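Naming convention: chains lettered A, B, ... in sequence-line order (proteins, then strands); numbering from 1 in each chain. This one's a predicted model, so the numbers in the text were calculated from it and none came from an experiment.
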Amino acid sequence: MEYKFNEIEKKWQDKWKADKVYKVENNFNKPKYYVLDMFPYPSGAGLHVGHPLGYIASDIYSRYKRLKGYNVLHPMGFDSFGLPAEQYAIETGQHPAETTKKNIATFKAQLDKIGFCYDWEREVQTSGPNYYRWTQWIFLQLFNSYFCDTCKKALPISELIKKYETKGSSEFTADEWNNFSTAQKEEWLMQRRLAFSKYGEVNWCEVLGTVLANDEVVNGVSERGGHPVVKKKMRQWYLRITAYADRLLEGLETVDFSDSMKEMQRNWIGKSEGAEIKFEIQNLLAGTQGSKFEIEVYTTRPDTIFGVDFMVVAPELDLVQQIKTTDQTSAVDEYIAYVKSRSDVDRMAEKKITGCFTGAYAVNPFNGKQIPVWISEYVLAGYGTGAIMAVPCGDERDFKFAQHFNIPITNIIGKHFTGEEANPIKEVPYSNSEFVNGMKYAEAAKVVIDKLEEKGIGKRKVNYRMRDAGFSRQRYWGEPFPIIWNDGVAVALEEIDLPLELPHVDKYGPGPEGEGPLGNLKDWVKVTNGLRETSTMPGYAGSSWYFLRYMDPHNATTFCDKKVSDYWNQVDLYVGGTEHAVGHLLYSRLWTKILYDLGHIGFDEPFKKLLNQGMIQGSSRLACRVRNSNKFVSYGLKNKYDVDEIYVDVNFVDGVELDISEFKKWKNGEYANAEFILEQDGKYICGVETEKMSKSKYNTVNPDVLCKKYGADTFRMYEMFLGPVEASKPWDTKGIEGVHRFLRKLWRLFNDDVKGKIWVDEKPTEAELKILHRTIKKIEEDTEKFSFNTAVSAFMICVNDLADAKCYKKEILEKVLILLVPYAPYIAEELWHQVGNTTTILDAQYPTFNPALLVESSKEYPVSINGKVRTNISLALTLEQVEVEEIILQNEIIQKWLEGKTPKKIIYVKNKMINIVV
RNA sequence: GCCCAUGUGGCGGAAUUGGUAGACGCAGCAGACUCAAAAUCUGCCAUUCGCAAGGGUGUGAAGGUUCGAUUCCUUUCGUGGGCACCA
């Protein structure tokens, strides 16, 4: 009987579906385990082999936990709002709802073939009204809350109102508050709401009449059409994530993310402690006497204030216009015009040093020294105060700037500054620094700040790099805001009016005044009490809380019953790529914290452990075409000709050898008449390039094809066998045969192609038990630590050993099958039934490892002399140093290598090795 | 420019975290079975010197620590990814 994987997999797919084996109950009595994948955006291109890497890993772990007796939640859904569907609609006129539906169907069919254990009854789609109803509801929770600075948590805005009515605030008294107009009150409240609206800068393209995302702007012009893009102020919605900066930082201590992942989040939040210092400006423009100008800088190194040699102000600041001197006006204006012409990307990538002197001088408050004030694009308006005090002897950028513009440098760190480069050292006593001379960083910083505060010209300041998160998009395919604008006041919809369904549109172009497409729907926008908000929520809205909805996906009265979320609780294992390191992960963490503060859930970190899967890159194949001809020359001979390299489809290249007949059929016979110049051995060899997997490079491989050819079990195991899940690696189908052979070999332990059944019900020998238990130990350990590639190799070793031992015994084989279920569920279930089981293997009991079986009494020790292994000697494990020394010195080979010399020292590490030092 | 990751045979990778480098697999070579092919099985397979026995070298490069380094430290080069020049 052969291993007919296609039949077997179909059979169990149907059976499992009929039996609802993957249905997950909210069974509060059972220990739970929650495994989650980052859900995909259902793109039109379908799945390629890169997608399932993480899904397979999480599926293996879920099935493993299930075998271990857990109630495992391992759901899947779709992040189905987003720009590509809208873009596609603009191009083809097909409604996003239609294309999204189609794409989801394709994705699901592909996923099901690979054999994941999803309970599709729990599927969520962020673009479904039953889902986004609750996204809107949570938005209203945010809108109706504020961050209490004293208790460091979110509270209902009604409490703030109560406080204002009775006690007022630092800005107004209770009486004043009560006499405010509604609009005035709302304005104050808007400044405290967690979801709030204010004017913010967006990338505006006048020609397209629309707002563009950063990646749609290239070199200051729109990616589509190349039209100019400018910064424009528009009313936008934001989430007050900055209020949670500290808690988002602290929370990192409690979760199991990789260090680099935590580092990325910390960098994004960018907490720094320093001081804000005011510097007076000395030279004022004529006509501005009487008004006193100051520059306020933010610095993390107030201790270096005596090393300040110049100041740099962001060119965008209004202050620049006020302080520039007549002499420098034209130079400054010219420089500002230059900066405006440059995109953020340019400013970031540029290495050349630019700047312009304003003509103004600031005064060092402690020694009265005159400090020239410059403007330069390396100082950003949006961070800190938009101005810095430059200390060139301690800061690399300041140093280069000073050098470039020949600004004299003050040395405050003595011999630690060479004049060649800056030295940001903190642990040396300062010189040239008056009252902090001899002090080091910590003490000096404190003394300086104290003095600043005393003089009233500076204060201690904690700064965050992170800004509030923009939460509105001038787009169609997203959640509509449940907000109505009434005379400039944002009025929230009542809960009962949710969901506010996304209305149907026929055209996807921008609305008036840069509004989103919804702005075109006059009848929809105009309601009795005002005008609807026409922007929609961003992609991350729906994905910020989806892990909660899986727990209780059909609840019509709440987003997720508290009892249910108390049970499933945090996601125990979250699997996904690093590209979401800051965005999605940070937003989910924020939403979780807010929902926790408001009492809707009982935990304030969503993901307990994060596993990052690596990116699978494409391995492109290139053919060399002789220029202006239809001749193709093999890669090894290309230097003899003038060639163009063209991409060929990886699916008809075996390794690097092109299948010429397939190639000729490609693209409707475009190359049917091509001629080929071959290598000496008659092969046509392709060039190889590792790059992103994409359709245009013909380097995508569809999992469906591989599942059909080798079976899903082979495909699953091969993806794992490629290497560690966390590592990025190029895809190469070549090695899949090896994994497939392994499964066939396993099959032949049960069945012979000719004789049929060969498995037997006999007592295993000790040696056979040893093979089994060694495997149990290894597979369990490797699965626990997500080392799936080594687990696959352990399975191979096990099957090789059993085949060599001609062990066809049910008692052994059956246990191996259980170990294999997470990795290759179909073949495991099939063989499980063949040996006589009638219930599903998915709920079998995981075998227990018996250490007694693996106890060894002796070991083959490597014996080296001066670190070089010279021989192996088998010794009992009980031996002590003296006995060992005696035995090995008698050894002939060792004696030969010692050449009569006496060893200086003999190192003996039990169960490891022996080293003789001569 | 900054940050993070990574570098081991022809290839994907392994190495109990300081203890026999190259497990397992692919590819390749030789052989068995077969009329033949497929499938399967057996053996070889880092490199170099040697008929062999047996040596030398070898984990991007150069140093260092150690009885012993793929593993730890310093410097350096290459590749991949990210970024908001963050004071």
Given the [atom1] atoms of [N] and [M], what is the spacing between them in whole Å?
N      : M      : atom1 : answer
B/rA23 : B/rU47 : P     : 13 Å
B/rC45 : B/rA61 : P     : 24 Å
B/rG18 : B/rA69 : P     : 14 Å
B/rG68 : B/rU20 : C1'   : 12 Å
B/rG10 : B/rU48 : P     : 10 Å
B/rA37 : B/rC44 : C1'   : 25 Å
B/rC29 : B/rU34 : P     : 23 Å
B/rU74 : B/rU6  : P     : 15 Å

Once you apply the 3.5 Å cut-off to both distances, tell me the Watson-Crick or G-U wobble partner of [N], or none.
N      : answer
B/rC85 : none
B/rA30 : B/rU42
B/rC35 : none
B/rG9  : none

For residues [X] and [Y], is any side-chain donor paired with an opposing acceptor at under 3.5 Å?
X      : Y      : result
A/T790 : A/S787 : yes
A/Y823 : A/T783 : yes
A/N915 : A/K905 : no
A/Y861 : A/N872 : no
A/Y464 : A/S272 : no
A/D398 : A/Y378 : yes

From the set [options], return the single nucleotide nearest to any side-chain atom of [X].
X      : options                : result
A/D395 : B/rG19, B/rA87, B/rU40 : B/rA87
A/P724 : B/rA87, B/rG13, B/rA84 : B/rG13
A/N789 : B/rC41, B/rG13, B/rG19 : B/rG13
A/R465 : B/rC41, B/rU20, B/rC86 : B/rC86

chi for B/rU17 classified (syn = within 90 degrees of 0, anti otherwise) as syn

Base orientation of B/rG12, chi within 90° of 0 counted as syn, else anti, reads anti

Ion pair check, A/D395 and A/R301, cut-off under 4.0 Å
no

Rounded to the nearest angstrom, tell me the gap between atom [atom1] in [X] and atom [atom2] in [N].
X      : N      : atom1 : atom2 : result
A/F742 : B/rG13 : CZ    : C1'   : 17 Å
A/K912 : B/rU20 : NZ    : P     : 8 Å
A/M720 : B/rG12 : CE    : C1'   : 14 Å
A/N872 : B/rA21 : CG    : C1'   : 14 Å
A/I865 : B/rC67 : CD1   : P     : 17 Å
A/D782 : B/rU16 : CG    : C1'   : 11 Å
A/K729 : B/rA5  : NZ    : C1'   : 14 Å
A/N915 : B/rU66 : CG    : P     : 15 Å

Assign [X] to base, sugar-phosphate, or nothing according to its heavy-atom contacts below 4.0 angstrom with the strands shown.
X      : result
A/L722 : sugar-phosphate
A/S864 : nothing
A/R870 : sugar-phosphate
A/K868 : sugar-phosphate

Phosphate OP1/OP2 of [N] contacted by [X] side-chain N/O (<4.0 Å):
X      : N      : value
A/R744 : B/rU40 : yes
A/W731 : B/rC11 : no
A/K745 : B/rC41 : yes

Does a side-chain heavy-atom distance below 4.5 Å link A/C393 with A/F399?
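Not touching, per the 4.5 Å side-chain cut-off.
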
Walk along nucleotides 24-33 of chain B from 5' to 3' and tag each nucleotide B, S or - by protein heavy-atom contact under 4.0 Å, base first, then sugar-phosphate.
BSSS------

Position toward the 5' end of RNA chain B (nearest nucleotide), A/K400 or A/N911
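Upstream on the strand: A/K400.
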
Reading RNA chain B from 5' onward, which residue's closest nucleotide shows up sooner: A/Y861 or A/T790?
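Its nearest nucleotide lies further toward 5', so the answer is A/T790.
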
Rounding to 0.5 Å, atoms CE (A/M796) and CZ (A/R741) come to a distance of 10.0 Å

Okay, side chain of A/T304, backbone of A/G307: is any donor-acceptor separation there less than 3.5 Å?
no

